[in-house]
Enquirer: 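Before anything else, here's the structure in question.
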Amino acid sequence: DVKVTQSSRYLVKRTGEKVFLECVQDMDHENMFWYRQDPGLGLRLIYFSYDVKMKEKGDIPEGYSVSREKKERFSLILESASTNQTSMYLCASSTSGQPQHFGDGTRLSIL
Amino acid sequence: DQQVKQNSPSLSVQEGRISILNCDYTNSMFDYFLWYKKYPAEGPTFLISISSIKDKNEDGRFTVFLNKSAKHLSLHIVPSQPGDSAVYFCAASEAQGGSEKLVFGKGTKLTVNP
């Protein structure tokens, strides 16, 4: 069974801090994704990666960056956290022709 | 510009009856559609999908219908059970299988009453 693990379930940070959200998958998937979920807005794609060292912007990349140094790990970075980045962050992974599998999310609060 | 629309934020049905969740899309390049189910404090889980070359896909109590000319799909749950109470997200992809970039709707919260 596919396991997508997000390092923290809950995280509280202060404005201006640099924040790292980590995601690891154990199925050797080539594709990995970061979404945020907000009430009334559904899931919105922040960044994705189809291979190691590769990254592409999603629909709302502003204020974020990502890192994929190893195939199993995809990190989301908030360069300088702001209160409007308070959200539920969801990581997903997939392999060609198969649906994406999601982690349980990180609820991030920026104070 | 919302490419995938779920116009009903919530739906309430009685146990044993049919639940019908609707989804509309605007991008004619979408080639594959998926439904995900999400419980509170958990990540979305894949439920069922359909390719644009089909008009129906069935898996147990769950059936997805696609009307490509109307750019409309629906998820039918029969019979509905209290455990089906969750938020359901419709998603669309330009690639087959749903492994690549997805566009999600805003979700419909389904409540199944005992």
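Note on naming: letters A, B, ... go to the chains in the order of the sequence lines (proteins, then strands), and numbering restarts at 1 for each one.
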Enquirer: Between Glu42(B) and chain A, which part of the residue has a heavy atom less than 4.5 Å away: side chain, backbone, both or neither?
Expert: both
Enquirer: Between Ser19(B) and Ser80(B), does any side-chain donor sit less than 3.5 Å from a side-chain acceptor?
Expert: yes
Enquirer: So among Ser52(B), Ser49(B), Ser99(B), which one has a side chain to side chain donor-acceptor pair (under 3.5 Å) with Tyr32(B)?
Expert: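 Among the candidates, only Ser49(B) passes.
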Enquirer: Using non-hydrogen atoms only, which part of Gln2(B) is less than 4.5 Å away from chain A: side chain, backbone, both, or neither?
Expert: neither
Enquirer: Can you tell me which portion of Leu45(A) sits under 4.5 Å from chain B's heavy atoms? Options are side chain, backbone, both or neither.
Expert: side chain
Enquirer: So that I can tick it off, tell me whether Lys68(B) and Asp55(B) are bridged by a salt bridge, with the cut-off set at under 4.0 angstrom between side-chain N and carboxylate O.
Expert: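 Answer for the salt bridge query: no.
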Enquirer: Select, from Pro9(B), Ala95(B), Ala41(B), Gly107(B), the one with the greatest count of heavy-atom pairs under 4.5 Å involving chain A.
Expert: Ala41(B)
Enquirer: Tell me, side chain or backbone of Gln98(A) under 4.5 Å from chain B's heavy atoms, or both, or neither?
Expert: backbone
Enquirer: Main chain of Ser8(B), side chain of Thr108(B): is a donor-acceptor contact present, judged purely on distance under 3.5 Å?
Expert: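 Checked: pair present.
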Enquirer: Heavy atoms under 4.5 Å from chain B: which residues of residues 50-87 of chain A carry them?
Expert: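 Result: Tyr50(A), Asp59(A).
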Enquirer: May I ask you to check whether over 12 heavy atoms, not counting those of Arg14(A), lie within 6.0 Å of atom CZ?
Expert: no
Enquirer: Under a 4.5 Å side-chain heavy-atom rule over Ile, Leu, Val, Met, Phe, Trp and Tyr, are Val103(B) and Leu34(B) clustered together?
Expert: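 They do not share one cluster, since no chain of ILVMFWY contacts under 4.5 Å joins Val103(B) to Leu34(B).
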Enquirer: Could you look at Tyr36(B) and say if it's the side chain, the backbone, both or neither that has a heavy atom under 4.5 Å from chain A?
Expert: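 It is the side chain, since no backbone atom gets that close.
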Enquirer: With a 4.5 angstrom heavy-atom cut-off, could you sort out which part of Glu30(A) is near chain B: side chain, backbone, both or neither?
Expert: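 Answer is neither: Glu30(A) stays 4.5 Å or more from chain B.
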Enquirer: Counting distance only, does the side-chain N/O of Asp26(A) pair as donor-acceptor with the main-chain N or O of Lys3(A) below 3.5 Å?
Expert: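 Checked: pair present.
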Enquirer: Could you tell me whether Arg61(B) atom CZ has more than 12 heavy atoms of other residues or ligands within 6.0 Å of it?
Expert: yes
Enquirer: So does Phe102(A) get a backbone contact from the side chain of Gln6(A), meaning a donor-acceptor N/O pair under 3.5 Å?
Expert: no
Enquirer: Which of the residues Arg44(A), Arg9(A), Arg107(A) is involved in the greatest number of heavy-atom pairs with chain B at under 4.5 angstrom?
Expert: Arg9(A)
Enquirer: Are Val4(A) and Tyr35(A) connected into the same hydrophobic cluster when the rule is that any two of I, L, V, M, F, W, Y join if their side-chain heavy atoms are below 4.5 Å apart?
Expert: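 The answer is no; the residues belong to distinct hydrophobic clusters.
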